[in-house]
Number of protein chains: 4
Amino acid sequence: MKQGNQVRKTKTKNKTNNRLKKIAILEGALKVFGEKGFEATTIAAICKSAKIADATLYEYFESKEDVLFSIAEHYTRQHLENMKQVNHFFHNTREKMRLIIQSYLEFYEDNPLYSSVALLNLKGNRNFLKSPAYQVVREASGSIIEAVDEGVKKGIYRDDVDAYLVRNMVLGFIEHLTIQWLLLKRPEKISPCRDSIFIMVMQSIEKNCKEAYDN
Amino acid sequence: MKQGNQVRKTKTKNKTNNRLKKIAILEGALKVFGEKGFEATTIAAICKSAKIADATLYEYFESKEDVLFSIAEHYTRQHLENMKQVNHFFHNTREKMRLIIQSYLEFYEDNPLYSSVALLNLKGNRNFLKSPAYQVVREASGSIIEAVDEGVKKGIYRDDVDAYLVRNMVLGFIEHLTIQWLLLKRPEKISPCRDSIFIMVMQSIEKNCKEAYDN
Amino acid sequence: MKQGNQVRKTKTKNKTNNRLKKIAILEGALKVFGEKGFEATTIAAICKSAKIADATLYEYFESKEDVLFSIAEHYTRQHLENMKQVNHFFHNTREKMRLIIQSYLEFYEDNPLYSSVALLNLKGNRNFLKSPAYQVVREASGSIIEAVDEGVKKGIYRDDVDAYLVRNMVLGFIEHLTIQWLLLKRPEKISPCRDSIFIMVMQSIEKNCKEAYDN
Amino acid sequence: MKQGNQVRKTKTKNKTNNRLKKIAILEGALKVFGEKGFEATTIAAICKSAKIADATLYEYFESKEDVLFSIAEHYTRQHLENMKQVNHFFHNTREKMRLIIQSYLEFYEDNPLYSSVALLNLKGNRNFLKSPAYQVVREASGSIIEAVDEGVKKGIYRDDVDAYLVRNMVLGFIEHLTIQWLLLKRPEKISPCRDSIFIMVMQSIEKNCKEAYDN
DNA sequence: CATGAATGAGAATTCATTCAT
DNA sequence: AATGAATGAATTCTCATTCAT
């Protein structure tokens with residue numbers, strides 16, 4: 001019936017204020033999403049948490065889902081920034097992988113609400129893949145591909161290693177662990193697993209003496 | 001969500017018929033859940049798919065969520081049965097792990113609708129952990145723990161290997177891969193990955209010459 | 001977000017009951033629409049007037065607009081039936097026109113709520129033209145075309161008379177009068193105007209001695 | 001609907017500028033109203049069309065409805081001016097009627113957006129009758145009354161002719177035709193109907209030989 | 001004068017679930 | 001055992017309007 005749907009384009013004269021307010025809303029939303037989950041969260045709850053009126057949210061975001069995706073974009077961008085900065089100082093190929101693993105673990109551990117949203121709500125959302133926010137997530141995980149490729153090229157990792165499969169392993173490993181931690185609090189902390197995980201990942205891709213795996 | 005929840009205890013004269021109908025409903029539901037996702041699926045859609053009246057569903061299940069969890073239980077039980085049967089014939093420790101990996105991959109590949117439900121909807125559902133269905137899922141994944149412990153005991157795997165961590169790795173790896181496959185159809189098939197995955201997993205836990213990983 | 005929109009097809013085993021209930025709702029709705037106008041009427045008000053729950057309305061109609069259009073269809077069908085029945089007994093060409101005029105006036109006068117809805121709400125609704133209900137309205141007004149054509153053919157009306165224009169005149173005349181009556185209660189009753197209107201309409205189309213209208 | 005309504009009395013230093021801006025807004029609004037209809041039009045759309053900020057509209061008008069009514073007033077005043085000017089040069093009674101008919105047809109045809117607003121939105125609006133704008137509309141239609149009365153007095157029109165009924169006929173005729181044209185584009189143009197309409201109207205009220213209409 | 005920003009107040013729908021038959 | 005019918009309860013999103021700057 002009613003037509004027109006574009007976000008009443010927040011006619012921002014003041015871009016900085018606008019951005020800050022968006023982030024404030026995102027933070028309020030993260031709290032609620034993280035605690036109750038996306039579907040169980042109401043716009044009302046988000047707005048209460050962000051201390052704004054319900055209608056105000058729609059001045060900054062198109063929909064509840066837009067808020068969700070924007071959270072992903074915002075936090076992943078931060079994580080990405082972290083990784084890039086640190087990565088900058090490391091040239092050792094193996095160290096890069098260790099770094100990535102540690103970085104993910106610490107990021108998830110330090111941002112349990114975001115981890116919850118990302119791993120429990122976002123992952124199952126088919127629309128997320130089509131959102132621009134997803135690209136940022138991909139960019140972040142791309143660092144694993146690069147790190148593996150570099151190792152293969154340098155002859156440190158096995159030639160037959162499939163970087164994409166390794167990414168699946170690393171991310172799957174970490175995410176599965178994080179979900180366990182989030183939902184069952186087991187283990188109590190995940191960041192200490194970084195060494196074990198690193199070793200396992202390394203062994204699985206590094207060249208080593210025992211080569212033959214006959215079926 | 002809604003309240004009021006007394007189970008109109010289905011006083012089944014004919015237990016078998018009852019079970020069959022439940023399964024029929026589950027199959028109808030799986031189709032819709034798998035295609036649209038849990039939240040986007042309506043009872044009406046499930047019942048249309050199962051060719052029953054909306055009210056009839058409640059003769060067999062307590063709620064929409066009960067249907068979801070029952071799907072998990074039903075299918076996992078099947079998967080579990082598969083695994084046990086095959087496992088029965090293998091005594092080689094390594095082979096057991098290969099089997100588990102292959103079994104999961106094939107099960108997911110052969111039941112994409114269930115995979116979708118399990119990995120995209122169930123995983124993010126906090127209530128699932130409290131459901132009896134979850135126990136069946138745990139039982140299934142328990143085989144990994146056993147297989148690892150056995151290998152450690154036999155001295156095939158490294159002594160410092162944490163079976164629980166390995167389970168996280170294996171399941172995380174496989175599930176992450178499956179999600180990619182489900183949502184992005186990349187890779188086209190996942191069962192062929194079984195060897196690569198097996199090798200990587202093995203290397204990550206087997207004893208091998210290169211032992212030292214200095215930080 | 002949510003998809004699917006088709007009216008949860010009222011799975012009517014009992015078609016008669018269904019039809020009766022639809023009509024009951026229509027009557028309740030007419031009351032409110034007629035008094036407050038379409039836009040100012042809420043689903044809640046309709047349902048209160050029809051003594052049903054809000055959700056129940058949607059078992060019978062797709063939307064508020066569907067209710068509006070269904071009112072038009074229902075009442076116009078009645079009117080049409082009236083006209084046809086009476087018309088059946090008249091063979092005199094002029095009488096047919098008199099009948100039509102009288103019929104419209106009486107129908108509007110006897111159903112002021114419907115008149116209000118039809119003339120004040122429906123006429124300005126662009127979607128109405130695309131609705132099946134509109135066809136019924138057209139059918140009703142078609143009788144004017146027929147009556148005029150007949151008169152022209154018989155040589156009673158001027159040859160250059162445009163039946164469509166006459167329809168515009170007759171309907172426009174009656175409707176304008178009815179709107180005045182509805183909104184301003186002036187004149188107090190409209191049915192007595194039937195003779196004056198009839199005469200005016202007749203004179204405007206009948207052959208008569210004074211033929212020349214020089215510009 | 002909404003409450004709170006104190007007119008922030010625009011203390012206009014520059015009355016002309018003020019009037020010009022009001023008209024500019026009216027023109028912007030007419031465009032949107034005419035295309036989408038009153039209810040479907042948002043203040044945002046009007047202001048976008050008028051190239052002002054939403055809040056600015058309220059410096060010039062009290063409400064959305066005030067804008068609507070002001071459009072009617074503004075355009076009808078123009079139309080009225082036109083009619084008066086031309087009318088001034090005609091002394092022939094019949095010609096006056098021809099003039100009125102032609103004038104309405106041309107005005108509607110030349111201002112389809114306004115016609116749309118006037119005939120599709122304004123006519124069904126009960127509040128309009130209470131607005132000052134309505135008086136201007138009445139004044140315009142008053143010319144028909146005068147023209148008829150004059151004709152009756154001069155003995156050109158039948159003595160029993162009811163000027164108010166004639167007004168209903170003329171306006172109803174023209175408006176019905178215009179609505180058809182607006183919504184169905186049938187006929188393609190309405191101004192050429194002026195002669196046919198004039199003839200029909202004239203015949204319906206002029207004295208002529210055939211006097212008796214026996215029932 | 002103009003307006004960016006904020007919001008109160010709805011209002012139409014949707015849907016899981018109940019229950020009389 | 002099956003279901004047609006009814007509905008309670010909720011929730012997103014819209015939009016006219018206000019007001020401080």
Side-chain angles (χ1 to χ4, degrees), chain A residues 1-2 4-5 8 10-14 17-18 21 39 41-45 47 52-65, chain B residues 1-6 8 10-14 17-18 21 39 41-47 52-60 62-65, chain C residues 1-2 4-5 8 10-14 17-18 21 39 41-47 52-60 62-65, chain D residues 1-6 8 10-14 17-18 21 39 41-47 52-60 62-65:
Chain A
M1 249 105 278
K2 306 287 166 76
N5 201 22
R8 206 193 255 260
T10 332
K11 337 109 192 179
T12 326
K13 211 159 235 173
N14 194 332
N17 262 349
N18 191 269
K21 184 130 192 189
E39 297 287 350
T41 294
T42 65
I43 294 287
C47 293
I52 55 167
D54 290 24
T56 304
L57 184 142
Y58 290 91
E59 296 290 326
Y60 295 87
F61 299 96
E62 286 183 40
S63 65
K64 192 178 149 188
E65 205 170 53
Chain B
M1 258 107 272
K2 307 290 161 81
Q3 74 273 64
N5 226 11
Q6 315 77 22
R8 198 195 276 247
T10 339
K11 351 126 195 166
T12 331
K13 256 166 213 165
N14 193 331
N17 262 350
N18 190 276
K21 184 131 191 188
E39 297 288 348
T41 294
T42 64
I43 293 287
I46 294 174
C47 293
I52 56 167
D54 291 23
T56 305
L57 184 142
Y58 289 89
E59 297 290 327
Y60 295 88
E62 286 181 42
S63 67
K64 190 179 157 187
E65 207 170 51
Chain C
M1 249 104 281
K2 307 287 163 77
N5 200 20
R8 207 193 257 259
T10 332
K11 338 107 195 181
T12 327
K13 210 161 239 176
N14 193 330
N17 262 349
N18 190 270
K21 184 130 189 191
E39 296 289 350
T41 294
T42 66
I43 293 289
I46 294 174
C47 294
I52 54 167
D54 291 24
T56 304
L57 184 142
Y58 289 91
E59 296 290 327
Y60 295 88
E62 285 184 41
S63 65
K64 191 178 152 188
E65 206 170 53
Chain D
M1 255 106 276
K2 307 293 162 79
Q3 73 274 62
N5 222 9
Q6 316 74 21
R8 198 194 276 247
T10 338
K11 350 120 196 174
T12 332
K13 252 165 211 163
N14 194 331
N17 262 352
N18 190 276
K21 184 131 190 187
E39 296 288 348
T41 293
T42 65
I43 294 286
I46 294 174
C47 294
I52 55 167
D54 291 22
T56 306
L57 183 143
Y58 290 89
E59 297 290 326
Y60 295 88
E62 286 179 42
S63 66
K64 190 179 156 187
E65 206 169 53

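Letters A, B, ... are given to chains in the order of the sequence lines, protein chains preceding strands, and every chain is numbered from 1. From a predicted model like this one, the values you see are computed outputs, not experimental measurements.
Between C/I43 and C/K64, the closest heavy-atom pair is CD1-CB, 3.8 Å. The minimum heavy-atom distance linking B/A53 with B/C47 is given by the pair O-SG, 3.8 Å. The two residues C/L57 and C/I52 have their closest heavy-atom pair at N-CD1, 3.7 Å.
Here F/dT17 is the nucleotide among F/dC19, F/dT17, E/dT7 with the atom lying nearest to any side-chain atom of D/I43. The side chain of B/K64 approaches E/dT17 more closely than any other nucleotide in the set F/dC15, E/dT17, E/dT18. When each of E/dA5, F/dT18, E/dT7 is scored by its nearest atom to the side-chain atoms of D/Y58, the top-ranked nucleotide is F/dT18. The side chain of A/D54 approaches F/dC13 more closely than any other nucleotide in the set E/dA2, E/dA6, F/dC13. Among E/dT7, F/dT7, F/dT3, the nucleotide with an atom closest to any side-chain atom of C/T56 is F/dT7. Out of F/dT3, E/dT17, F/dA2, the shortest distance to the side chain of B/A53 is found at F/dT3. The side chain of A/A55 approaches F/dT14 more closely than any other nucleotide in the set F/dA6, F/dT14, F/dA1.
Note: CG (B/L57) to P (E/dT17) measures 9 Å, nearest angstrom. Going from atom CD of A/E39 over to atom P of E/dC15 covers 12 Å, rounded to whole Å. Across the protein-nucleic acid pair, A/E59 atom CD and F/dT17 atom P stand 16 Å apart, rounded to whole Å. Remark: P of E/dC15 and CD of B/E65 are 17 Å apart, rounded to the nearest angstrom. Atom-to-atom, CG of A/N17 to P of E/dA5 comes out at 8 Å; the value is rounded to the nearest Å.
Nucleotide E/dC15 forms a Watson-Crick or G-U wobble pair with F/dG8, both donor-acceptor distances falling under 3.5 Å. Shown here, E/dA9 forms a base pair with F/dT14; the pair counts as Watson-Crick or G-U wobble because both key distances fall under 3.5 Å.
When each of C/I52 and A/T41 is assigned the nucleotide of DNA chain F bearing its nearest heavy atom, the one mapping closer to the 5' terminus is C/I52.
At E/dC1, none of the side-chain N or O atoms of D/K21 fall inside 4.0 Å of OP1 or OP2 (strictly under the cut-off).
Distance NZ/A/K21 to CG/A/N18: 9.5 Å, rounded to 0.5 Å.
Contact annotation for C/T42: backbone-only contact, meaning every heavy-atom pair under 4.0 Å involves sugar-phosphate atoms and none involves a base.
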